[in-house]
Number of protein chains: 2
Amino acid sequence: MNSDFTLAIHSLTLLALQPDRMSTSDAISESAGVHPVRIRKVLSLLKRSGIIKSKEGNGGGFIFALDPGEVSLWEIYKVTSEGTLQPKCPVSNEKCIVGANMHRVLFLIFLGAENHLGEYLKGYTIKEMADLIKQGQ
Amino acid sequence: MNSDFTLAIHSLTLLALQPDRMSTSDAISESAGVHPVRIRKVLSLLKRSGIIKSKEGNGGGFIFALDPGEVSLWEIYKVTSEGTLQPKCPVSNEKCIVGANMHRVLFLIFLGAENHLGEYLKGYTIKEMADLIKQGQ
DNA sequence: TATACTGTAATAGATATAATTACAGTAGAA
DNA sequence: TTCTACTGTAATTATATCTATTACAGTATA
């Protein structure tokens with residue numbers, strides 16, 4: 001699974017625990033253990049989809065735009081990782097009945113798998129993630 | 001997703017369509033578009049778990065050991081790809097409440113996701129894969 | 001005993017992922 | 001108004017992962 005997904009969850013959980021002030025990509029990157037530029041890249045996707053807001057300049061950073069209790073892991077998956085469950089098959093032999101048709105059959109099966117996974121991921125919101133993190137204390 | 005999984009499905013579907021004779025790694029690799037050594041590696045996993053049989057030497061190859069209608073994609077997933085849904089998180093900051101606990105929380109969520117995916121994959125057997133491939137003709 | 005296979009390790013090559021560098025643009029504060 | 005601290009994003013470099021290739025031992029058949 002695409003690690004942008006878990007990086008987005010990590011970042012959003014941090015933001016949910018800091019609801020009143022902006023968090024910088026530097027601060028988030030320090031918590032997540034990745035480069036700040038990567039944080040900005042992933043968070044720019046979440047911004048485009050309206051989940052968070054950002055502000056440039058001195059005192060700027062990132063902050064939730066929605067209620068963390070309304071944002072599920074499925075929405076985050078769709079923004080950061082949709083389609084990544086789909087394996088990249090090599091180009092198979094079109095002269096063989098299996099090679100010629102497997103790609104299409106697998107595509108449909110993995111499409112179903114992704115939707116099925118969606119039902120599971122809808123069961124977790126960022127608020128719940130933040131609560132689980134706090135319980136871990 | 002690990003492409004060993006789809007390669008295993010491809011190979012097994014071929015074997016299901018050739019129930020009466022052995023298929024060589026060369027023949028399978030030609031259909032799947034990958035190197036024969038890789039086929040042998042993946043099929044050795046399936047052999048170890050008793051799904052197929054193999055025979056060395058002249059006239060040897062691979063053949064189903066079970067009824068293809070009894071082998072589901074979930075069993076193949078477990079043999080070839082168990083745990084690969086789990087993303088590899090970078091080492092995060094233990095001094096931060098999120099960094100210190102996120103890994104454990106995500107691990108449990110992805111464990112649940114894998115089991116949930118399992119319920120979906122149990123819905124497809126290799127026999128059904130072979131039927132879908134034949135319908136595509 | 002020649003041939004056609006599997007089994008597997010070791011290495012090289014290709015591809016994907018992530019870090020780093022660089023810099024333009026923006027906003028607050030001295 | 002200029003310094004400082006941010007985001008946004010492209011380009012490049014580094015690293016990790018995946019795959020092909022080579023090599024060869026072992027096995028079964030003819």
Side-chain angles (χ1 to χ4, degrees), chain A residues 1-8 10-11 14-15 18 21-49 51-65 80-81 83-93, chain B residues 1-8 10-11 14-15 18 21-49 51-65 80-81 83-93:
Chain A
M1 164 104 39
N2 189 332
S3 74
D4 281 1
F5 179 46
T6 54
L7 191 53
H10 189 122
S11 304
L14 250 175
L15 295 189
Q18 308 277 352
R21 58 186 182 84
M22 299 207 126
S23 303
T24 67
S25 60
D26 261 46
I28 300 169
S29 80
E30 199 164 331
S31 166
V34 301
H35 199 278
V37 170
R38 197 171 156 215
I39 298 287
R40 298 205 288 272
K41 268 187 207 155
V42 171
L43 293 196
S44 81
L45 298 172
L46 298 170
K47 181 191 176 181
R48 246 173 272 172
S49 61
I51 295 169
I52 60 173
K53 292 180 289 189
S54 74
K55 206 169 111 184
E56 299 183 21
N58 194 336
F62 299 90
I63 197 166
F64 246 104
T80 61
S81 309
T84 58
L85 204 63
Q86 208 69 234
K88 40 228 147 310
C89 303
V91 182
S92 51
N93 191 342
Chain B
M1 163 104 36
N2 189 333
S3 74
D4 281 0
F5 179 47
T6 54
L7 192 53
H10 190 124
S11 304
L14 251 174
L15 295 189
Q18 309 276 353
R21 60 186 180 84
M22 299 209 126
S23 304
T24 68
S25 60
D26 261 45
I28 300 169
S29 80
E30 200 165 328
S31 166
V34 301
H35 200 277
V37 171
R38 196 169 157 215
I39 296 288
R40 298 205 286 270
K41 267 186 207 157
V42 171
L43 293 196
S44 80
L45 298 171
L46 298 169
K47 181 190 177 180
R48 247 174 271 171
S49 61
I51 295 170
I52 59 173
K53 292 181 289 192
S54 73
K55 206 170 110 186
E56 299 183 23
N58 194 337
F62 300 91
I63 196 165
F64 246 103
T80 61
S81 308
T84 57
L85 205 62
Q86 208 68 234
K88 42 230 148 308
C89 303
V91 181
S92 52
N93 192 342

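Numbered from 1 within each chain, the chains take letters A, B, ... in sequence-line order. Note that the structure is a prediction, hence the values are computed from the model and not measured.
Note that the CG atom of D26(B) and the CD1 atom of I39(B) stand 10.0 Å from one another [nearest 0.5 Å]. If you take CG on L85(B) and CE on M1(B), they are separated by 6.0 Å, rounding to the nearest 0.5 Å. To the nearest 0.5 Å, atom CD1 of residue I52(B) and atom CG of residue L46(B) are 5.0 Å apart.
Where G60(B) and P90(B) each meet DNA chain C at their nearest nucleotide, the meeting point lying more 5' is that of G60(B).
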In 5'-to-3' order, the base (B), backbone-only (S) or no-contact (-) status of each nucleotide in nucleotides 21-30 of chain C, using a 4.0 angstrom heavy-atom cut-off, is B---BBBB--
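The CD1 atom of I39(A) sits 13 Å away from the P atom of dG8(D) (whole-angstrom rounding). When rounded to the nearest whole Å, the span between CG of L43(A) and P of dT7(D) equals 9 Å. Between F5(B) atom CZ and dC18(D) atom P the separation is 16 Å, expressed in whole Å. One interatomic measurement links the two molecules: NZ of K41(A) to P of dC6(D), which rounds to 20 Å at whole-angstrom precision. Residue R38(B) contributes atom CZ, which lies 17 Å from atom P of dT22(D) at whole-angstrom precision. The separation between K53(A) atom NZ and dT7(D) atom P is 15 Å, rounded to whole Å. Nucleotide dA18(C) holds its C1' atom 12 Å from the NZ atom of K88(B), rounded to whole Å. Separating the CD atom of Q86(B) from the P atom of dT17(D) is a distance of 15 Å, rounded to the nearest angstrom.
Proximity of S44(A) to the phosphate of dG8(D): no side-chain N or O atom is located under 4.0 Å from OP1 or OP2. Between dG7(C) and S54(B), a contact under 4.0 Å exists linking OP1 or OP2 to a side-chain N or O. Taking 4.0 angstrom as the limit, T24(B) places none of its side-chain polar atoms (N or O) nearer than this to OP1 or OP2 of dT6(C). In terms of phosphate contacts, K47(A) brings a side-chain nitrogen or oxygen within less than 4.0 Å of OP1 or OP2 of dG8(D).
Listed by chain and residue number, K47(B) satisfy the side chain to side chain donor-acceptor pair (under 3.5 Å) test with S54(B) (two or more places apart in sequence, or in another chain).
Side-chain contact between S11(A) and L43(A) is present, with heavy atoms from C-beta onward closer than 4.5 Å. Contact of the L7(A) side chain with the T80(A) side chain is not registered, since no non-hydrogen atoms from C-beta on lie closer than 4.5 Å.
Other residues, nucleotides and ligands place no more than 12 heavy atoms under 6.0 Å from the CD atom of E30(A).
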